[in-house]
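Order of the sequence lines sets the chain letters (A, B, ...), proteins ahead of strands, with each chain counted from 1. Just so you know, these numbers come straight off a predicted model, no measurement behind them.
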Amino acid sequence: MTTDAQATALVDVDRVNKHFGQLHVLQDINLKVSKGEVVVVIGPSGSGKSTLCRAINRLETIDGGTIKIDGKLLPAEGRDLARLRADVGMVFQSFNLFAHKTILENVTLGPIKVKGMKKDEAEKQAMMLLERVGVASQAGKLPAQLSGGQQQRVAIARALAMKPKVMLFDEPTSALDPEMINEVLDVMVQLAKEGMTMIVVTHEMGFARKAADRVVFMADGQIVEDAQPEEFFTNPKSDRAKDFLSKILTH
Amino acid sequence: MNTLLNNLDLFTTGFQNTLILFFFSAIFALILGTIVAAMRVSPVPAMRAAGTFYVNTVRNTPLTLVLFFFALGYPKLGLPEISFMTAAIVGLSLYTATYVAEAIRSGINTVPVGQAEAARAIGLPFSQSLRLIVLPQAFRAVIPPMFSVFIALLKNTTVAAGFSVAEAGAIRANLSERGEPAMAGLLWVALVFVVLVFLLSLLQRYFENKWKVAR
Ligand SMILES: Nc1ncnc2c1ncn2[C@@H]1O[C@H](COP(=O)(O)OP(=O)(O)OP(=O)(O)O)[C@@H](O)[C@H]1O
Ligand SMILES: [Mg+2]
C-alpha cells in the first residue's frame, strides 16, 4: 500500500530544506500525501508547520529539495506558478477574506479571473458552495460584517471554488471563539468524507481522530513521527511527542 | 486690484500655463508613479532594484536640476526637438512620479499581507493581486499623501518659469517689465495659488469620504 501510495502521491515533498537566516526551519522534510488522504500536522509552536504549508503552495521559497503537486514540480515565480497554485487551496488562520469585496465576490473572483469562468456561472457555483458551508444568506455582505466562524467557512468556499486537488489548512480554528470552532470543523469533516485530499495543521484532536488518516508530528523543523491518529495519541513513540501531548492534554 | 485688471492678459496666460503644466504632469506622474510603486513591491528582484534606483536618484535631485536638464541639456542631445512646455511637463512628471510612487507604496504597506497572500493562493498572478486586491484597499490610505504631492506639484510649476515657460510664476517678472509694482503682482499670484490649493483640498476631502464608505 505504501509503495503504491508513493507512486501516486498527490503532494510529494522530498528532502525539503528551508532557512530563515540562521534558523533551519525545515530540515530534510519528506512528506507524501496520496489522493483522498487527510493528514493532520501537529507540533509545538515554531516547529515549522506553517512554513511547510506555505512552502507547499510556494508562498514561501525553499532552499533545497523538491515539491511536486500531482507529479508536477512547483515552478518558480510567474504565470505557471500562479496557475499551479490554483490546484492547491489554502485556508489561513486569519481567514484573509478580501476586505473590500462582498462574500459572493470573494468566492467568484478566482474562478472568473483565473479560470475565465463566466460571471453568472461563477455566481451559481459560488452560491452552491456558500450553501454547502452554510453562509448563503450572507452573500451580499462584506467580510467584516460576518462572525469569525462564518468568515472562515467563506474562506473554505473561496478555496473550493478553484476546484483544488488538495486543500491546506493552517490552524483554521485557532483564531476563533470556542463556540465557533465546531461549525468550521464540521465543514472540514464533511469535506474529508467527500474524499478531498487535505493537509491540516491543527491541535484539534477531535478532528484528527474523526477525519485524519495520518498524524504527522513536527518538532524543531523535523518530522518526528508519522502515524495513524489513534496510535499517535495513545502510544506516541518519541519523547518529544509524549511531552507535547501531555502538555496539550492537560490544557 | 488695478495691477490685476490692467494686466489680466498676463494673469490669464500665466495661470492657463500653470494649469496645463499641473494637469498633464499630474496625470503622467500618477501613471508612472503607480508603475514604479508596483515595481518596488514586485517579486522580481531586478524590478525592485530598478524602481528603487529611479526613486532614489530622481527624488534626491533638486527639481531645478531636473528641469535644467530638460530645458538646456536635452536639446543638445540631438534628439527630436521639444517645446519648453513639453520639456517642463516631462521634467515635472519624472520628478513628481517618485513622490507618487512613495505615497502609493506607503499605502500598499497599510494593507495586511494576508490579503495579497490569499490572492496569490487562489492563483492570481502578481499583477492581478496588486490591481484587484491590494491597490483598491491601499487607495484610501494613499489619498492624503497623494494630495500633498499634488499640492507640491502645483507650486513646483512655478519653477518652470525660470526655464522660459510663461506660467504663473513668470507673471511677476513680466509685470516688472511693464513697470507695475512687483509686490502687488506677487500678492495676486500668491492669492490665486491659495485658491487653487484650497480647491485641491476640497477634492481630497471628497475622495476621502468616498473611499471611506467603500471600505
Ligand atoms: N518570515 C519569517 N522570517 C523569519 N523567521 C520566520 C519567518 N516565518 C517564520 N519564522 C520562524 O520560523 C520558525 C517556524 O515558524 P512557523 O510559523 O512555521 O512555525 P509553526 O510551527 O507554524 O508555529 P505556530 O504553532 O506558532 O504557528 C519560527 O521560529 C518562526 O519564528
Ligand atoms: Mg503556524
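Ala119(B) is linked by a side chain to side chain contact (heavy atoms under 4.5 Å, CB included) to Phe98(A), Leu124(B), Ser129(B), Ile133(B), counting only residues two or more places apart in sequence or in another chain.
With a threshold of 4.5 angstrom between heavy atoms, Gln128(B) approaches chain A through side-chain atoms but not through N, CA, C or O. Heavy-atom distances place the backbone of Leu97(A), and not its side chain, under 4.5 Å from chain B. Neither the backbone nor the side chain of Lys115(A) has a heavy atom closer than 4.5 Å to any heavy atom of chain B.
For Lys124(A) and Glu121(A), the salt-bridge test fails: no basic side-chain N is under 4.0 Å from an acidic carboxylate O.
In terms of heavy-atom pairs under 4.5 Å with chain B, the best-connected choice from Lys101(A), Lys113(A), Met90(A) is Lys113(A).
In the model, Gln125(A) has a side-chain atom that pairs as donor or acceptor with a side-chain atom of Lys163(A) under 3.5 Å. In this structure, a donor-acceptor pair under 3.5 Å is present between the side chains of Ser174(A) and Gln93(A).
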